[in-house]
Number of protein chains: 2
Amino acid sequence: MAKATTIQDIAKLAGVSKSTVSRVMNKTTAVHPEKAAAVIRAAEQLGFAPNQFARSLASGRSMTVGVITQNLGSPFYDAIAQGVIAGLQGTGYSPIFADGRWDHVVEEDSIRSLQGRRADGILLIGGQLRGTDLKALCGTLPRVTIARHLPSVQHCCIYVDNVQGGFLATQHLIRHGHTKIAFIGGPHHHSDAKDRLAGYRKALTQANIRFTTKLVLEGNFSSASGHAAVHTLLKSGEEFTAIFAANDATAYGARLALDQHGLRVPQDVSLVGYDNQAESAFMIPPLTTMHQPAHQMGQAAAAAVLEKIQGQPIKSRVFIPELRCRESVATRT
Amino acid sequence: MAKATTIQDIAKLAGVSKSTVSRVMNKTTAVHPEKAAAVIRAAEQLGFAPNQFARSLASGRSMTVGVITQNLGSPFYDAIAQGVIAGLQGTGYSPIFADGRWDHVVEEDSIRSLQGRRADGILLIGGQLRGTDLKALCGTLPRVTIARHLPSVQHCCIYVDNVQGGFLATQHLIRHGHTKIAFIGGPHHHSDAKDRLAGYRKALTQANIRFTTKLVLEGNFSSASGHAAVHTLLKSGEEFTAIFAANDATAYGARLALDQHGLRVPQDVSLVGYDNQAESAFMIPPLTTMHQPAHQMGQAAAAAVLEKIQGQPIKSRVFIPELRCRESVATRT
DNA sequence: TTGTAGGCGTTATCAA
DNA sequence: TTGATAACGCCTACAA
């Protein structure tokens with residue numbers, strides 16, 4: 001680190017004490033306009049950038065909020081992260097990221113590291129840690145969880161209702177006359193995937209359609225898994241006229257596999273995805289999917305943690321995903 | 001910020017001085033095993049996380065590298081950012097992000113803020129600032145530019161040869177017998193777009209194909225712009241048998257527009273994209289595109305800036321994009 | 001309105 | 001091998 005200029009240097013150049021410099025930098029007390037001008041001039045001349053470390057050490061606030069992500073790269077989580085950045089913009093707080101990699105050990109380390117950097121608050125995007133562990137780890141540190149629902153009221157969570165999302169997607173298909181609807185899910189242990197499956201089952205039950213395990217395939221939220229699942233499904237010989245994929249990427253893979261088997265979408269098979277990824281509107285045909293207000297959630301979470309830092313009580317908030325009807329669903333005739 | 005435990009607390013609990021605590025935390029000097037054990041026990045008991053501010057203030061190193069991004073959300077830049085994160089993993093350095101928003105004013109502020117946080121080095125992903133301004137701003141602060149080529153040897157740049165990329169993509173089309181090749185570019189002022197166009201022209205020239213401005217459309221790297229461009233092209237009546245899109249998103253939009261006009265890919269029109277986005281392999285048909293080693297570039301840049309921080313001299317590095325042949329290109333018969 | 005002095009939690013330099 | 005003690009750069013009473 002190159003030796004940077006300090007308020008001391010400025011004080012000397014401007015012919016005042018460093019307290020005065022501090023005062024004009026922070027506008028904390030009125031100072032004589034002339035001296036203030038001299039300070040500002042000196043600061044510009046020396047290209048002064050206050051040392052945040054010293055500032056935080058002295059003031060006790062870091063003006064940062066720690067953001068724990070889990071492997072960026074998924075459109076949904078990326079959009080949340082962008083929402084967080086946008087929500088922090090202009091508030092004086094900077095986000096500082098740490099990766100939890102969907103691993104509770106790594107996640108714990110990341111939180112520790114953020115605490116070491118004295119983050120004033122923590123935002124968890126997804127994650128694996130149990131609520132009780134989280135609480136033990138963070139103590140009184142303001143904390144908001146995004147895209148994940150921790151049951152206890154003690155936790156502030158900004159999340160989407162995946163059961164409802166799965167329900168709405170399936171219901172849409174049912175309303176178009178489909179009864180043999182396949183579901184390509186995520187990993188069995190993933191709560192989002194489980195919830196969407198629960199919603200699927202709920203819609204089936206409500207419509208008096210028998211649930212068949214043969215129509216439920218396990219995927220991993222990747223296009224490749226959607227592609228493979230359709231092959232498996234076709235080979236199984238189980239009849240189906242529609243597919244509900246647990247996310248858009250899975251739907252893309254499924255769509256390609258269908259095409260390779262000479263099945264048309266939506267004439268032969270209807271398809272619904274989940275996430276409303278940017279690319280989905282330009283698929284062939286444009287994909288009907290569930291939209292999640294990811295960016296908005298990120299912003300809401302940023303605002304929430306800021307309020308909490310200011311000592312205000314905040315509560316959890318659920319978002320309901322919305323159906324985006326496009327052209328991948330046809331009425332079963 | 002809740003009152004956290006300090007080495008002083010640990011010192012008291014372990015019955016040693018804080019210097020000793022510091023020593024066992026940093027393994028800087030051997031200490032009596034028994035005392036060391038006591039310190040470690042005390043630290044665990046109190047859930048100690050060293051205050052990075054105090055640490056940095058005292059040591060003069062922040063153990064962070066500032067990363068300037070420009071609007072996350074594009075697959076290419078996201079992949080670079082992930083590469084940077086991966087490259088820093090386990091090095092003891094944490095990335096701290098700031099958004100430049102493709103705006104030189106914002107970018108300058110971001111760099112200033114990073115300097116205030118005393119980053120030990122800076123990584124610029126893309127950006128608008130001129131090389132001389134950058135140099136003036138950063139001074140001796142180790143700095144590496146990614147995905148952008150600054151002419152002077154003074155700058156260390158990790159970038160891809162977009163001219164070559166545009167050339168290879170176009171050449172691929174030419175080799176399949178195409179001579180009427182449309183190009184859907186990016187904004188006129190965007191250097192990546194300009195370079196890819198230059199490569200396109202170079203390939204045409206080399207094959208003795210006349211360049212027609214009517215076949216060059218302006219886009220903005222979005223699917224919507226690709227979609228619109230094809231409409232414009234079709235309406236213009238200009239003949240073409242192939243399209244080279246400046247990125248994959250643009251190609252998706254173009255593909256949909258073609259489909260809506262009853263044109264088949266690749267039988268009627270061949271299509272090549274740029275970026276090798278994850279979704280491209282699952283388009284219908286799977287999209288032939290130029291692959292850029294974005295993740296690898298991010299990692300390389302992280303390694304480079306670390307070396308520079310250690311005082312080693314480093315030099316720029318060019319990556320050459322590679323053609324990924326899939327099924328969206330057919331031989332012109 | 002201004003300056004002085006103490007403290008924030010570490011690291012680093014001395015002696016011991 | 002240890003323990004004082006002086007930085008590190010800034011903020012903030014407190015006093016002038």
Discussion item. With a strict under 4.0 Å distance from non-hydrogen atoms of chain A, what nucleotide opens and what nucleotide closes the contacted stretch of DNA chain D, reading 5' to 3'?
Written reply: dG9(D) to dA13(D)
Discussion item. Applying side chain to side chain contact (heavy atoms under 4.5 Å, CB included), can you list everything that pairs with Ile125(A), at least two apart in sequence or on another chain?
Written reply: Val67(A), Thr69(A), Tyr77(A), Ile80(A), Ala81(A), Ile146(A)
Worksheet item: Residues from residues 31-46 of chain B sitting under 4.0 Å of DNA chain D, heavy atoms only?
Response: Val31(B), His32(B), Lys35(B)
Worksheet item: For Thr132(A), what residues pass the side chain to side chain contact (heavy atoms under 4.5 Å, CB included) criterion, not counting sequence neighbours?
Response: Arg130(A)
Expected list for residues 305-317 of chain A: side-chain donor-acceptor pairs under 3.5 angstrom, two or more places apart:
unit_1	atom_1	unit_2	atom_2	d
Lys308(A)	NZ	Arg143(A)	O	3.3
Ser316(A)	OG	His155(A)	O	3.1
Ser316(A)	OG	Cys157(A)	N	2.8

Worksheet item: Does some side-chain heavy atom of Ser152(A) sit less than 4.5 Å from a side-chain heavy atom of Lys135(A)?
Response: no
Worksheet entry | Backbone N/O of Asp192(B) and side chain of Asp195(B): donor-acceptor pair under 3.5 Å | no
Fill in: For Phe48(A), ring pair (Phe, Tyr, Trp, His ring centres under 6.0 Å) partners two or more places apart
none
Kindly list each side-chain donor-acceptor pair under 3.5 angstrom involving residues 28-35 of chain B, sequence neighbours excluded, with atom names and distances?
none

Contact list (N/O, under 3.5 angstrom) for nucleotides 9-12 of chain C vs protein:
unit_1	atom_1	unit_2	atom_2	d
dG9(C)	N2	Ala54(B)	O	3.3
dT10(C)	OP1	Asn51(B)	N	3.2
dT10(C)	OP2	Ile7(B)	N	2.7
dT10(C)	O4	Lys18(B)	NZ	3.2
dT11(C)	OP1	Asn26(B)	OD1	3.3
dT11(C)	OP1	Asn26(B)	ND2	3.1
dT11(C)	OP2	Ser22(B)	OG	2.7
dT11(C)	OP2	Asn26(B)	ND2	3.3

Worksheet entry | Non-neighbouring partners of Arg112(B) that pass salt bridge (Lys or Arg N to Asp or Glu O under 4.0 Å), sequence neighbours left out | Glu108(B)
Item to complete: Kindly assign one of parallel, tilted or perpendicular to the pair Phe221(B) and His190(B), based on the angle between their ring planes and the thresholds 30° and 60°.
Response: perpendicular
Discussion item. Once side chain to side chain contact (heavy atoms under 4.5 Å, CB included) is applied, do any residues pair with Ser19(B), and if so which ones, sequence neighbours excluded?
Written reply: Ser17(B), Arg23(B)
Worksheet item: Got a sec, which residues hit ring pair (Phe, Tyr, Trp, His ring centres under 6.0 Å) with Phe76(A), two or more places apart in sequence or on another chain?
Response: none
Item to complete: Would you please confirm or rule out a distance under 4.0 Å between OP1 or OP2 of dG3(C) and any side-chain N or O of Thr20(A)?
Response: yes
Discussion item. Using C1' atoms of five pairs at each end, report the bend of the helix from dT1(C)-dA16(D) to dA16(C)-dT1(D) rounded to 10 degrees.
Written reply: 40°
Worksheet item: Is the backbone N or O of Val106(B) less than 3.5 Å from a side-chain atom of Ser110(B), with the two atoms forming a donor-acceptor pair by type?
Response: yes
